[in-house]
Amino acid sequence: MKDETLGSRLKEVRTQAGLTQAELAERVGVSRKTINTVENGIFIPSTLLALKLAHALKRKVEDLFFLA
Amino acid sequence: MNDKTDPGIFRRKEITGLAFYVVAAGLLAADVLYGRDGAWRFVDFVRVGAILFLALVLALRSTTAFSLWRRNRTLDDELTRANRAAAARWGFWALMLALLVAFIASFAVALRISDVVPLIFFAGAAAAGLRFVTLERRAE
């Protein structure tokens with residue numbers, strides 16, 4: 001079975017929305033470093049956080065994350 | 001983030017409780033090994049009470065985002081909890097490794113429990129602490 005990981009378009013979508021990492025973090029209720037690590041693929045967010053990010057950016061979860 | 005929707009709040013309470021007992025047991029063990037000799041005196045009860053209070057403070061501070069009175073959610077968010085859990089795993093395995101080394105060494109050298117136990121705990125705590133710092137720095 002191929003090792004799959006989580007791809008992220010979070011940075012792209014966040015930038016399109018005109019938000020900084022700190023502003024998105026504030027909306028979601030996490031620290032800026034959490035947003036940073038998710039964007040850089042260091043940290044895989046929970047389903048709850050992924051849904052909150054999608055909700056904050058008014059997008060679907062699939063628009064933010066994908067299997068890579 | 002609403003705590004009612006955060007499943008971590010229940011887990012955090014359990015961890016705080018567990019941390020209290022672990023820290024209290026460790027401090028009491030150290031006190032018994034090093035501190036008291038002879039019958040219990042009033043000062044011993046005061047000392048044990050102080051140790052239990054210290055254990056409670058350490059347990060709270062290490063599991064509630066370093067805030068005794070309220071939770072700082074941005075300092076205790078999902079990433080920090082994940083890093084803490086990963087660091088605890090490292091600490092556990094370092095502690096087990098140190099225990100194994102001490103056990104094997106005991107066949108060759110006469111070891112005193114009072115000398116070995118602090119070293120084993122130190123190995124676990126140091127590994128967990130260093131791992132946590134490394135993981136946190138990765139996010140900067």
Side-chain angles (χ1 to χ4, degrees), chain A, chain B residues 1-19 58-94 127-140:
Chain A
M1 189 173 148
K2 196 180 99 178
D3 284 341
E4 290 174 328
T5 184
L6 189 74
S8 171
R9 294 191 195 90
L10 181 61
K11 186 175 184 178
E12 182 186 329
V13 174
R14 175 181 61 77
T15 311
Q16 283 173 5
L19 293 172
T20 64
Q21 287 184 345
E23 286 167 342
L24 179 59
E26 176 68 28
R27 285 190 185 191
V28 179
V30 296
S31 62
R32 184 199 58 76
K33 69 183 179 188
T34 298
I35 302 296
N36 186 36
T37 50
V38 173
E39 285 187 353
N40 291 321
I42 294 170
F43 176 60
I44 297 176
S46 67
T47 311
L48 185 66
L49 179 56
L51 286 165
K52 284 179 177 176
L53 287 167
H55 185 257
L57 292 166
K58 297 183 174 61
R59 302 290 279 266
K60 290 191 292 186
V61 175
E62 296 92 325
D63 295 337
L64 301 182
F65 302 106
F66 57 91
L67 286 175
Chain B
M1 192 187 289
N2 186 348
D3 278 347
K4 287 180 181 171
T5 63
D6 179 8
I9 188 79
F10 301 107
R11 187 168 157 72
R12 203 158 32 249
K13 285 178 182 172
E14 291 170 4
I15 292 172
T16 306
L18 182 66
L58 288 173
L60 282 171
R61 286 184 71 86
S62 63
T63 54
T64 55
F66 307 103
S67 170
L68 269 179
W69 313 117
R70 62 188 176 86
R71 179 178 162 233
N72 185 340
R73 69 185 189 191
T74 55
L75 288 178
D76 189 34
D77 63 356
E78 193 170 293
L79 176 68
T80 308
R81 291 200 299 269
N83 287 347
R84 196 184 296 145
R89 278 196 298 276
W90 272 59
F92 171 77
W93 286 114
L130 287 172
R131 181 62 180 161
F132 183 73
V133 169
T134 306
L135 290 171
E136 285 288 302
R137 282 191 58 81
R138 204 172 55 164
E140 296 300 329

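FYI, side chains are in, hydrogens and waters are out, and symmetry mates aren't considered; it's all heavy atoms of this structure. In this text the structure is predicted, and so the values were computed from the model without any measurement.
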Passes side-chain contact (heavy atoms from CB on, under 4.5 Å), B/Glu136 versus B/Val133? Steps please. CA-CA 5 Å; B/Glu136 285 288 302; B/Val133 169; 5.8 Å; no
Evaluation steps, side-chain hydrogen bond (donor to acceptor under 3.5 Å, both in side chains), between B/Asn83 and B/Thr80: CA-CA 5 Å; B/Asn83 287 347; B/Thr80 308; 5.7 Å; no
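Residues satisfying the side chain to side chain donor-acceptor pair (under 3.5 Å) criterion with A/Arg32, sequence neighbours excluded, are A/Gln21. For A/Thr15, the side-chain contact (heavy atoms from CB on, under 4.5 Å) partners are A/Lys11, not counting sequence neighbours. Every residue two or more places apart in sequence or in another chain that forms a side-chain contact (heavy atoms from CB on, under 4.5 Å) with A/Phe66 is listed here: A/Arg9, A/Ala68.
When the heavy atoms of residues 55-65 of chain A are compared with those of chain B, none of the residues falls under 4.5 Å.
When all heavy atoms of A/Pro45 and A/Leu49 are compared, the closest pair comes out as CB-CD2, 3.7 Å.
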